[in-house]
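Working notes, beginning with the structure itself.
All values derive from a computational prediction rather than experimental measurement.
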Amino acid sequence: MSVEFRGFEEIQKKLQEILSEQSLSRVQNKALTAGAHEVSKEISKEFVEFKDTGASQDEIVVGKVTSRNGFKSILVGWNGPKERYRLVHLNEFGYNRMGMKIKPSGYGSIQRAISNSEGAFLHAVTQEMKKQL
């Protein structure tokens with residue numbers, strides 16, 4: 001899933017005139033990280049409905065900002081000693097057992113959390129950008 005900004009190019013050009021490339025990159029990284037933390041909080045809230053041990057909630061991590069082909073991104077995923085990353089996709093998409101589609105109670109919860117957190121993500125990014133500038 002991606003988010004599209006309109007009018008962002010004009011703002012980017014103005015910021016590049018004011019700030020150096022490194023300081024602008026630093027501000028963008030902090031803003032993306034703040035937004036990713038909001039998404040991870042929303043995912044954690046969604047997991048409350050069907051938690052058993054809470055390991056899937058505890059292992060939610062926010063990665064580092066990476067840049068590929070001029071586009072910055074940040075990953076939110078699972079990493080920890082209980083290796084929940086192996087099971088999360090089964091909850092999200094369901095699975096087949098003996099030809100029958102099984103939809104666990106967490107079916108679609110990550111997509112729902114991402115959809116619900118779009119506004120919070122944008123708000124966190126804009127607030128962090130305002131704070132840094």
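The side chain to side chain contact (heavy atoms under 4.5 Å, CB included) check on S25 picks up N29, K72, with sequence neighbours excluded. Evaluation of the side-chain hydrogen bond (donor to acceptor under 3.5 Å, both in side chains) rule for S56 yields R84 as partners, not counting sequence neighbours. Annotation: salt bridge (charged side-chain N to carboxylate O under 4.0 Å, His left out) contacts of E128 (sequence neighbours excluded): K131. Listed by chain and residue number, E83 satisfy the side-chain hydrogen bond (donor to acceptor under 3.5 Å, both in side chains) test with R86 (two or more places apart in sequence, or in another chain). Under the salt bridge (charged side-chain N to carboxylate O under 4.0 Å, His left out) criterion, R112 pairs with E46, sequence neighbours left out. Annotation: side chain to side chain contact (heavy atoms under 4.5 Å, CB included) contacts of Q57 (sequence neighbours excluded): S44, F47, V48, K51. With sequence neighbours excluded, no residue forms a ring-ring contact (aromatic ring centres under 6.0 Å, His included) with Y107. Considering only residues two or more places apart in sequence or on other chains, E92 meets the salt bridge (charged side-chain N to carboxylate O under 4.0 Å, His left out) condition with none of them. Among residues two or more places apart in sequence or in another chain, the side-chain hydrogen bond (donor to acceptor under 3.5 Å, both in side chains) test is passed with T66 by S73. K30 meets the salt bridge (charged side-chain N to carboxylate O under 4.0 Å, His left out) test with no other residue; sequence neighbours excluded.
Separating the CG atom in N91 from the NE2 atom in H89 is a distance of 10.0 Å, to the nearest 0.5 Å.
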Side-chain donor/acceptor pairs under 3.5 Å, residues 94-105, sequence neighbours excluded:
| unit_1 | atom_1 | unit_2 | atom_2 | d |
| --- | --- | --- | --- | --- |
| K101 | NZ | F93 | O | 2.9 |

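Residue pairs meeting the salt bridge (charged side-chain N to carboxylate O under 4.0 Å, His left out) criterion with at least one member in residues 54-70, sequence neighbours excluded, do not occur.
Both Y85 and I43 belong to a single network of hydrophobic side chains, linked directly or stepwise wherever heavy atoms of I, L, V, M, F, W or Y lie under 4.5 Å apart.
More than 12 heavy atoms of other residues, nucleotides or ligands lie within 6.0 Å of CD in E49, so this atom counts as buried by the packing criterion.
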